[in-house]
Amino acid sequence: RLRKWQERIRTKDAGERNLQFALSEIDRMASALGVPRSVREVASVIYRRALSEDLIRGRSIEGVATSTLYAACRQEGIPRSLEEVAEVSRVDQKEIGRTYRYISQELGLEMRPVDPKQYVPRFCSDLGVSEEVQSKANEIIDTTAEQGLLSGKSPTGYAAAAIYAASLLCNEKKTQREVADVAQVTEVTIRNRYQEQIEALGIH
Amino acid sequence: MTDPKETINIENVVASTGIGQELDLQSVAMDLEGADYDPEQFPGLVYRTQNPKSAALIFRSGKIVCTGAKSTADVHESLEIVFDKLRELNIEVNENPEIVVQNIVTSADLGRNLNLNAIAIGLGLENIEYEPEQFPGLVYRLDEPEVVALLFGSGKLVITGGKKPEDAEQAVDKIVSRLEELGLLE
DNA sequence: GCTTTAAAAAGTAATCT
DNA sequence: AGATTACTTTTAAAAGC
């Protein structure tokens, strides 16, 4: 009887310690990513839900914590790419991606695809371009996405190409390399998306 | 226009069978030309056939997996070649080992570009997976037939998980009608 | 869960000329 | 700036860790 009681306390303590660890990791990664406190709160809510529905069994705490943070950023409309999240996590990108998909499916998060426009403010700020470039990039994204150019394309590369195009159109040219660096994509990707976008816009 | 069903092409067939005899893979690897066997890495011996092209995984238990064939007929042909090769090594092989098709991978073309964003929302975010940051295809799991379809922006698709060619035809029909009723095709 | 095998789809990436 | 090669996703079986 006494043993059972001790065991219960022990597991409760262990669970409590694990939760504390997960929450502190979410906090640490969120700070490193520079996301607002609201995102950490959303992430911890998702994490607690995953915990109560027993989705953590067989998975690393760190992996689930990172995935909930990735999901929270998206839900709050300020997405971080898997690559960016992986940089502040000790779990690799591939596992973060598959854990995210699992948690998302099991909790029915109904995540909408990331809108490339959500990357525009941050990328433009990192590049130090004007508000004009920013709104031009948003316009390019909306117009070309409506024509079906977005299907299957990565949101970061799509946003990067639109910003590159906008910087040219507004006479505030940034090089493909500069844009590629802030968006963490290759120049080849920017070139490919850029070509499609200006063609769709009829800018020859 | 053209019925998407007519664009269906079988790309890969996976089947399993067994010769009903235990094998010493070490000696088979020595005698069978072109055999790859590295038990540290994988317990099966890999043997590739040229005509038809396929890869057979041969196990100690005598069970065999054949993959890479372009049709169920090719699977049978390939495995017959494997059986004959083993007989040449004086290994007993059952007369007509049962061959079970485990998976068929098919490609098809809807002939129209697809707005995957709209499809992800339209078909319901619950049973769809679309993460273009990770993979350009939209993953759509069907219940009847029980297969998985990958839809691409080009209108091309891949259907996998089926056990007979009709599964892919049924799947294409269901996908087309569902996209049509949602107004997401054309 | 992982290991191996094959195949398609389309996007992204690394490496070489 | 190309071209090539390679990796991402899905599926199934096999035996063993």
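We name chains A, B, ... by the order of the sequence lines, and we start the count at 1 in each one. Every heavy atom of this structure was used, including side-chain atoms; hydrogens, water molecules and symmetry mates were not. Just so we're clear, the structure is a prediction, and the values are computed from it rather than from any experiment.
Residue B/S54 is out of contact with every strand shown, counting any heavy-atom pair closer than 4.0 Å. Within 4.0 Å of B/T160, counting heavy atoms only, lies at least one base atom of the nucleic acid. B/V13 comes within 4.0 angstrom of no nucleic acid atom, judged by non-hydrogen atoms across all strands. B/E146 comes within 4.0 angstrom of nothing in the nucleic acid, heavy atoms only. Within the 4.0 angstrom heavy-atom criterion, only backbone atoms of the sugar-phosphate kind lie near B/S154; the bases stay farther away. Nucleic acid contact for B/V148: sugar-phosphate only, since backbone atoms but no base atoms lie under 4.0 Å from a heavy atom of the residue. A/G152 comes within 4.0 angstrom of the backbone, heavy atoms only, and of no base.
Think of the region where chain A sits on DNA chain C: with heavy atoms and a 4.0 Å cut, that region ends 5' and 3' at C/dC2 to C/dA14.
B/V158 is listed as a side-chain neighbour of B/V105, based on a closest heavy-atom distance under 4.5 Å. Looking at A/R80 and A/V35, their side chains come closer than 4.5 Å, going by heavy atoms from C-beta outward.
Under the 3.5 Å distance criterion, with hydrogens and angles disregarded, a donor-acceptor pair is assigned to the side chains of A/Y100 and B/E131. A/T156 and A/S81 share no side-chain donor-acceptor pair at under 3.5 Å. Side-chain atoms of B/R178 and B/Y140 form a donor-acceptor pair, as typed in the model, at a separation below 3.5 Å. Checking A/Q184 against A/E87 by side-chain atom types alone, a donor-acceptor pair falls below 3.5 Å.
Taking atom C1' in both D/dA3 and C/dA8, one finds a spacing of 22 Å when rounded to whole Å. Nucleotides C/dT3 and D/dC7, compared at atom P, are 13 Å apart to the nearest Å. Separating the P atom of C/dC2 from that of D/dT8 is a span of 12 Å, rounded to the nearest Å. As rounded to the nearest Å, C/dG1 and D/dT9 have P atoms that lie 13 Å from one another.
Both A/Q184 and B/E11 sit near DNA chain C, but only B/E11 has its closest nucleotide nearer the 5' end. Nearest-nucleotide positions on DNA chain C place B/L157 closer to the 5' end than the other of B/L157 and A/T189.
When both distances must be under 3.5 Å, the Watson-Crick or G-U wobble mate of D/dA6 is C/dT12. Across every strand in view, D/dA1 sits in a pair with C/dT17 that passes the Watson-Crick or G-U test at under 3.5 angstrom. C/dG1 is paired with D/dC17 under the criterion used here, namely a Watson-Crick or G-U wobble arrangement in which both key atom distances are under 3.5 Å.
B/F59 places its CZ atom 8 Å from the P atom of D/dA14, with the value rounded to the nearest Å. Nucleotide D/dT10 holds its P atom 16 Å from the CG atom of B/N12, rounded to whole Å. Atom CD in B/Q134 sits roughly 18 Å away from atom P in D/dC7 (whole-Å rounding).
Proximity of A/R191 to the phosphate of D/dG2: no side-chain N or O atom is located under 4.0 Å from OP1 or OP2. At D/dT9, one or more side-chain N or O atoms of A/R101 fall inside 4.0 Å of OP1 or OP2 (strictly under the cut-off).
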Determine, step by step, whether A/E172 and A/K136 satisfy the salt bridge (charged side-chain N to carboxylate O under 4.0 Å, His left out) criterion, reporting the C-alpha distance in whole Å, the side-chain angles of both residues, the deciding distance to 0.1 Å, and the verdict. CA-CA 12 Å; A/E172 274 182 58; A/K136 191 71 190 168; over 6 Å; no
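Put simply, the side chain of B/N94 never gets that close to the backbone of B/N96: no donor and acceptor are under 3.5 Å apart.
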